[in-house]
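What follows is one structure encoded as structure tokens, with my remarks underneath.
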Amino acid sequence: MSDVLLKELTNADIDWLVTNGERRSLIAAEVLIRAAQPLEAFYLLLEGNLTVRADSLADSMADSPTAIDQLFRGDVIGEGGLFDIDSAFLVAATDKAMVLAIPKALLLQKLQQDISFAAHFYRAIALILSEQIRGLFEHSDLMRYQSGQMVKEALFVFGELRDSDIDWMLATGKLEKLAAGRVLLNAGRPVDALYTVLDGQLAIATTDHPCDPLSTCSHGLEELGATQNFKPIAYLSRGGLPGITSF
């Protein structure tokens with residue numbers, strides 16, 4: 001993911017980040033972000049790896065045995081602070097690492113004043129976070145742990161939309177009822193629409209069996225389920241957006 005920012009941002013955008021950011025070195029096990037504390041900076045991981053920990057009470061990696069995710073060069077940290085969302089996890093250096101820290105207040109000012117920069121920046125962040133979310137699906141245990149937090153934050157999307165945006169969605173979209181057991185999205189197939197769960201619950205299922213995308217596309221998920229033992233790993237309730245990462 002290290003090349004996403006380089007592909008999505010212009011030279012002027014990158015120059016602004018480098019000029020206004022501060023390179024910060026981290027030693028092994030040094031905590032960059034603590035849970036439930038305000039985020040005052042946006043970080044870009046330049047070198048090394050970071051570990052995301054589950055225990056919000058832990059002050060160090062040794063105190064928190066549950067690793068939720070690993071972050072690598074090119075990943076971003078602290079993006080929730082741009083929307084006044086405190087981190088739900090502890091983030092610390094796995095070994096020696098280096099981040100570029102951009103003050104939150106300065107970055108927010110730039111995003112408000114420079115529409116072109118904002119468009120490039122938000123698209124790059126969306127692509128990076130999308131890949132991080134997809135990576136979680138490779139580890140069903142981690143998805144199971146995080147699913148509760150994901151559902152709680154689903155309605156946040158609508159809090160960022162204007163009334164006219166929601167009116168457009170209602171006028172353009174159409175209601176679709178799904179019977180119990182009906183498959184909405186098949187693994188390996190394209191997502192043709194943006195879906196929003198209005199009522200009921202959807203299950204996200206995976207399998208430990210190696211999945212061939214072409215074979216998956218040529219058969220229905222219902223057929224494959226009989227032989228590959230698909231297991232629910234997370235659930236989406238009202239306000240959930242199945243398939244959103246494909247956008």
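All values reported here derive from a predicted model rather than from experimental measurement. Basis for what follows: all heavy atoms, side chains included, without hydrogens, waters or symmetry-related copies.
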Considering all heavy atoms, the nearest Ala92-Ala29 contact: CB-O, 4.1 Å
query: Is the number of heavy atoms from other residues, nucleotides or ligands under 6.0 Å of Ile115 CD1 greater than 12?
result: no
- prompt: So do the side chains of Thr51 and Gln70 get within less than 4.5 Å of each other, counting heavy atoms only?
  reply: yes
- prompt: Hey, are the side chains of Leu82 and Ile125 touching, using non-hydrogen atoms and a 4.5 Å cut-off?
  reply: no
query: Do the side chains of Phe89 and Arg53 get nearer than 4.5 Å, heavy atoms only?
result: no
- line: Here the pair of heavy atoms bringing Gly240 nearest to Pro242 is O-CD, 3.4 Å
CH2-CG distance between Trp168 and Asp163, expressed to the nearest 0.5 angstrom: 16.0 Å
field: OG-CD distance between Ser87 and Gln37, expressed to the nearest 0.5 angstrom
entry: 9.5 Å
field: Over all atoms of both residues, closest heavy-atom pair of Val31 and Arg24
entry: O-NH2, 4.2 Å
field: Check: Phe121 and Phe42 side chains under 4.5 Å, non-hydrogen atoms
entry: yes
- prompt: When you check the side-chain N and O atoms of Asp167 and Ser164, is any donor under 3.5 Å from an acceptor?
  reply: no
message: Could you measure the distance from the CZ atom of Arg73 to the CG atom of Asn49? Nearest 0.5 Å is fine.
response: 10.5 Å
query: Under 4.5 Å between side-chain heavy atoms, hopping through other hydrophobics if needed: is there a path connecting Val18 to Leu9?
result: yes
message: If you define the side chain from C-beta out and look only at heavy atoms, does anything of Phe117 sit under 4.5 Å from Leu17?
response: yes
- request: Using a strict 4.0 Å threshold on nitrogen-to-oxygen distance, state whether Lys104 and Asp84 make a salt bridge.
  value: yes
task: For Gly200 and Val197, work out which heavy atoms get closest and say how close.
output: O-CG1, 3.9 Å
- request: Look up atom CG in Leu236 and atom CZ in Arg238, then write down how far apart they are to the nearest 0.5 Å.
  value: 14.0 Å
message: Please report the interatomic distance CG(Asp192) to CG(Leu185), rounded to the nearest 0.5 Å.
response: 9.0 Å
message: Could you see if Ile166 belongs to whatever hydrophobic cluster contains Leu198? Use Ile, Leu, Val, Met, Phe, Trp, Tyr and a side-chain cutoff under 4.5 Å.
response: no
query: Is Leu45 reachable from Ile27 through a run of hydrophobic residues whose side-chain heavy atoms are each under 4.5 Å from the next?
result: no
- request: Identify the residue among Leu107, Leu106, Leu111 that makes a side chain to side chain contact (heavy atoms under 4.5 Å, CB included) with Gln109.
  value: Leu106
message: Please find the pair of heavy atoms, one from Arg182 and one from Lys177, that lie closest to each other, and give the distance.
response: NH1-O, 4.0 Å
message: The criterion is side chain to side chain contact (heavy atoms under 4.5 Å, CB included); which residues satisfy it with Glu22, sequence neighbours excluded?
response: none
- request: To the nearest 0.5 Å, tell me how far Glu47 CD sits from Asp95 CG.
  value: 13.0 Å
task: Could you give me the CA-CA distance, side-chain angles and deciding distance for Asp75 and Leu50, then say whether side chain to side chain contact (heavy atoms under 4.5 Å, CB included) is met?
output: CA-CA 9 Å; Asp75 279 333; Leu50 299 179; over 6 Å; no
task: Could you tell me which residues satisfy salt bridge (charged side-chain N to carboxylate O under 4.0 Å, His left out) with Arg23, sequence neighbours excluded, listed by chain and number?
output: none
task: Could you tell me whether the side chain of Asn20 and the main chain of Trp16 form a donor-acceptor pair under 3.5 Å?
output: yes
- request: Identify the two heavy atoms, one from Glu30 and one from Ser25, that lie closest to each other, and give their separation to 0.1 Å.
  value: OE1-O, 4.0 Å
- line: For Tyr43, the ring pair (Phe, Tyr, Trp, His ring centres under 6.0 Å) test, sequence neighbours excluded, returns none
